[in-house]
Structures are given as C-alpha cells and as structure tokens.
**Student:** 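Submitted below is the structure of interest, expressed as structure tokens.
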Amino acid sequence: MPKITYIQFDGTESSVDAALGTTVMNSALENLIPGIDADCGGEGSCATCHVLIDESWISKVGEPSESEESMLDLNPDRAANSRLSCQINVTPKLDGLIVNLPEFQY
Ligand code: FES
C-alpha cells in the first residue's frame with residue numbers, strides 16, 4: 001500500500017499506509033489524522049479537507065479539476081500547492097506522498 005505522510009502545522013508527522021482506491025482524505029480519516037474534517041464526505045463541496053502538497057510531489061499529484069479550483073478559490077488562505085484531499089485518489093505512483101495540513105483548518 002502507498003505510504004502517505006501528513007505533516008501538521010506544528011511539524012508533527014504521521015505516516016500511514018493508504019489503501020489503493022481510496023483518497024488522501026479517506027486515508028486521513030481512517031487513521032485519525034487531525035486537521036481534516038471532511039464535512040461533505042468527499043463530495044468536493046466543503047473544502048474542509050484542504051491540504052498543501054509538498055513541492056516535490058506537485059507534478060505527480062496533478063492539477064485540480066475546474067470544480068475543485070472553484071472551491072479552493074473560496075478560501076482566502078489558498079496557496080499555489082493547495083488541493084482538496086478528497087479529490088486525490090490513492091494510486092501506486094503516490095507512494096511516499098507528503099502533504100502538509102494548514103493551520104487555518106484547526
Ligand atoms: Fe468536502 Fe473534500 S471532504 S471538499
């Protein structure tokens with residue numbers, strides 16, 4: 001299973017084995033990672049699953065869709081590497097992925 005590392009805004013790291021076919025958001029919830037509420041359950045309509053992709057992983061994760069972009073744009077704290085973790089599917093190529101959790105989500 002691909003390993004994903006979540007880094008809290010205070011620097012605390014948690015690495016988990018993420019099941020293929022799930023999302024980066026689901027993996028966080030299943031492993032009780034704080035900072036991801038996922039209020040809409042993964043529908044892409046709440047933006048409470050916001051993560052900041054580690055710079056070295058941006059190209060592998062890919063670009064957000066148009067609808068994801070619209071949701072991200074509603075957040076004044078959005079950054080260039082912002083993504084909604086419910087829109088990132090766990091695939092073998094994401095083994096080693098590092099995401100940072102924004103302070104504004106706590
Ligand atoms: Fe709501 Fe991702 S869980 S947008």
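Just the heavy atoms: all of them, side chains too, but no hydrogens, waters or symmetry mates, feed the values below. Just follow the structure's listing: the first ligand is 1, and inside any ligand the first atom is 1.
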**Student:** Restricting to non-hydrogen atoms, name the atom on Pro2 and the atom on Pro92 that form the minimum distance, rounded to 0.1 Å.
**Tutor:**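 Answer, listing the atom of Pro2 first, then Pro92: CG-CA, 4.2 Å.
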
**Student:** With a 4.5 Å cut-off on side-chain heavy atoms, are Leu94 and Val61 touching?
**Tutor:**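 A side-chain contact under 4.5 Å exists here.
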
**Student:** Do the charged groups of Glu69 and Arg83 touch, with an N to O distance under 4.0 Å?
**Tutor:**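 A salt bridge is absent here (no side-chain N lies under 4.0 Å from a carboxylate O).
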
**Student:** Run through the protein N/O/S atoms less than 2.8 Å from atom 2 (Fe) of ligand 1 and write them out by chain and number.
**Tutor:**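 N, O, S partners closer than 2.8 Å: Cys49 SG, Cys86 SG.
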
**Student:** Identify the two heavy atoms, one from Ala38 and one from Leu29, that lie closest to each other, and give their separation to 0.1 Å.
**Tutor:**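 Looks like CB-CD1, 3.9 Å.
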
**Student:** Examine the side chains of His50 and Ser82 and answer whether a donor and an acceptor come within less than 3.5 Å of each other.
**Tutor:**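 There is such a pair (donor and acceptor under 3.5 Å, judged by atom type) between the side chains of His50 and Ser82.
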
**Student:** Run the salt-bridge test on Asp95 and Lys3 with the 4.0 Å N-O cut-off and return the result as yes or no.
**Tutor:**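 Here Asp95 does not pair with Lys3 in a salt bridge, since their nearest N and O are not under 4.0 Å apart.
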
